[in-house]
Amino acid sequence: PEVWAPRTAMFQLAIATWENMPIIPISSTGIMMPMPGTATYHARRPGVCSAGLANRDRVEVLYVQARMENPATVETATLANGLRVVVLPDSSTPVAALAVHYDVGFRSEPSGSTGFAHLFEHLMFTGSHTVAEGEHARVIQELGGLCNASTAMDSTSFYQVVSSEALELVLWLEANRLHSLLDSLDEPKLDRQRRIVVNELRQTVEDQPDGRVLGEVLSRIFPAGHPHHVPPIGSKSGIERVTLADSIGFFRKNYREDN
């Protein structure tokens, strides 16, 4: 995978945008306008922002002081195991953001198992022999941080934002699930996550007036059989078709340091 360990407020803003909170930049000076019905961003001081729930009837404007004049230096490296590391250091705020990107998305799903990649994103939070199920997120939240993940056409991403002193712990948690997830992955865990994803499908697609729009658009743009023909959340039949053996094989093929 590719690991990002940046510490800039602008990246924190990008992290917030990642959480289904789209922002439209309307000026190179750093003025941004949240879209209606999404998040409102409030600047506590130049270069630092926080996200809060917005009134869906309002559009509020945030001024963010973008560091365009003195951009930070990006440091890159490739480790012996193939892991690509990208670091953007910034000591102006005591916050660290870590994002791990795997080169696997719903284009990587076996035929007939639509939604498999998204389901496996959920399985990555089921723990190991040393980290209990759900403890990864709980530890970060108890430290005052946040974590989440997303699955797209071509990638699956996991990210955490924590205080700087917790960065080493977060790196260990990511390394632990990459190397130890299969130690405790079993049928009960798969069944629980399968039910969660099917319920998410029901809430975000089947029960929403516009929930099927993305699927309809993709099915018209890409022909049947193309990996982008279906939306990333998949279908109930595809999700329920996934077996434990399928999950183990999918992990070993795609969740590697060099991918």
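Starting from 1, each residue takes its place in the sequence as its number. What you see is a predicted model, and the numbers here were worked out from it, not measured in a lab.
Side chain of S164 to backbone of V95: a donor-acceptor contact under 3.5 angstrom is found. The backbone N or O of V213 lies less than 3.5 Å from no partner atom in the side chain of D210, so there is not a single donor-acceptor pair. No donor-acceptor pair closer than 3.5 Å links the side chain of S157 to the backbone N or O of A149. Panel note: side chain S235, backbone G238; a donor-acceptor pair is recorded below 3.5 Å. The backbone N or O of V104 sits nowhere less than 3.5 Å from a side-chain atom of R107 that would complete a donor-acceptor pair. Not one N or O on the side chain of N176 forms a donor-acceptor pair closer than 3.5 Å with the backbone of W172.
Two different hydrophobic clusters hold L190 and I196 under the rule that ILVMFWY side chains link at heavy-atom gaps under 4.5 Å. The hydrophobic clustering, which links ILVMFWY residues whose side-chain heavy atoms are closer than 4.5 Å, places V205 and F222 apart.
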Exercise. Output, in order, the C-alpha distance, side-chain angles, deciding distance and verdict of side-chain hydrogen bond (donor to acceptor under 3.5 Å, both in side chains) for S108 and K253.
Key: CA-CA 10 Å; S108 314; K253 178 181 179 181; over 6 Å; no

Quiz prompt | Test log, rule salt bridge (Lys or Arg N to Asp or Glu O under 4.0 Å), inputs R192 and E133 | solution = CA-CA 11 Å; R192 281 193 294 273; E133 186 171 6; 2.6 Å; yes

Practice problem: Begin with the C-alpha distance, continue with both residues' side-chain angles, and end with the deciding distance and a verdict on side chain to side chain contact (heavy atoms under 4.5 Å, CB included) for N199 and R195. | Solution: CA-CA 6 Å; N199 186 59; R195 289 195 298 270; over 6 Å; no

Quiz prompt | side chain to side chain contact (heavy atoms under 4.5 Å, CB included) between L169 and L143, worked out | solution = CA-CA 11 Å; L169 172 61; L143 291 171; 3.7 Å; yes

Quiz item: Is there a side chain to side chain contact (heavy atoms under 4.5 Å, CB included) between L146 and I140 once you walk through the steps?
Solution: CA-CA 6 Å; L146 62 88; I140 292 173; 5.7 Å; no

Quiz prompt | Step-by-step side chain to side chain contact (heavy atoms under 4.5 Å, CB included) determination, E257 to H179 | solution = CA-CA 10 Å; E257 293 89 342; H179 286 277; 2.6 Å; yes

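Contact check for T78 versus V85: no side-chain heavy atoms found under the 4.5 Å cut-off. Side-chain contact between Y255 and L178 is present, with at least one heavy-atom pair separated by less than 4.5 Å. The side-chain heavy atoms of V74 and T76, taken from C-beta on, include a pair separated by under 4.5 Å. The side-chain heavy atoms of H228 and F106, taken from C-beta on, include a pair separated by under 4.5 Å. Between N254 and Y102 there is no side-chain heavy-atom pair separated by less than 4.5 Å.
Closest approach of E216 to R220, counting heavy atoms only: OE1-NH1, 2.5 Å. Between T114 and E109, the closest heavy-atom pair is CA-OE1, 3.4 Å. Listed here is the closest heavy atom pair of P89 and E75: CG-OE2, 3.7 Å. Nearest heavy-atom pair, H136 versus V131, reported as atom, atom and distance to 0.1 Å: N-CG1, 3.9 Å. What you find for S128 and S184 is that their closest heavy atoms are CA-OG, 3.2 Å. Among all heavy-atom pairs drawn from V100 and E174, the shortest one is CG2-CD, 3.8 Å.
Rounding to the nearest 0.5 angstrom, the gap separating the CG atom in D258 from the CG atom in L79 is 11.5 Å. Interatomic distance, OG of S247 versus CG of L185, reported as 6.0 Å (0.5 Å rounding). Expressed to the nearest 0.5 Å, how far CG of L83 lies from CG of N259 amounts to 11.0 Å. Here the CD1-CD1 distance, from I233 to I239, works out to 6.5 Å after rounding to the nearest 0.5 Å. In this structure, CG on D246 lies 15.5 Å from CZ on F251, to the nearest 0.5 angstrom. How far OG of S180 is from NE2 of H129: 8.5 Å, rounded to the nearest 0.5 Å.
Side-chain N/O atoms of Q203 and Q208 include no donor and acceptor closer than 3.5 Å.
F158 carries R177 over the face of its six-membered ring, with the cationic atom under 6.0 Å from the centre and within 45° of the normal.
With sequence neighbours left out, E142 forms a side-chain contact (heavy atoms from CB on, under 4.5 Å) with R138.
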Distance-only check: which donor-acceptor pairs under 3.5 Å involve side-chain atoms of residues 115-126, not counting sequence neighbours?
residue, atom, partner, partner atom, Å
H118, NE2, H122, NE2, 3.3
E121, OE1, T151, N, 3.2
E121, OE1, T151, OG1, 2.5
H122, NE2, E200, OE1, 3.3
T126, OG1, L123, O, 2.6

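Between K189 and D186 there is no salt bridge, since no side-chain nitrogen of the basic residue lies less than 4.0 Å from a carboxylate oxygen of the acidic one.
Counting heavy atoms of neighbouring residues, nucleotides and ligands inside a 6.0 Å radius, atom CD of E168 does not exceed 12 of them.
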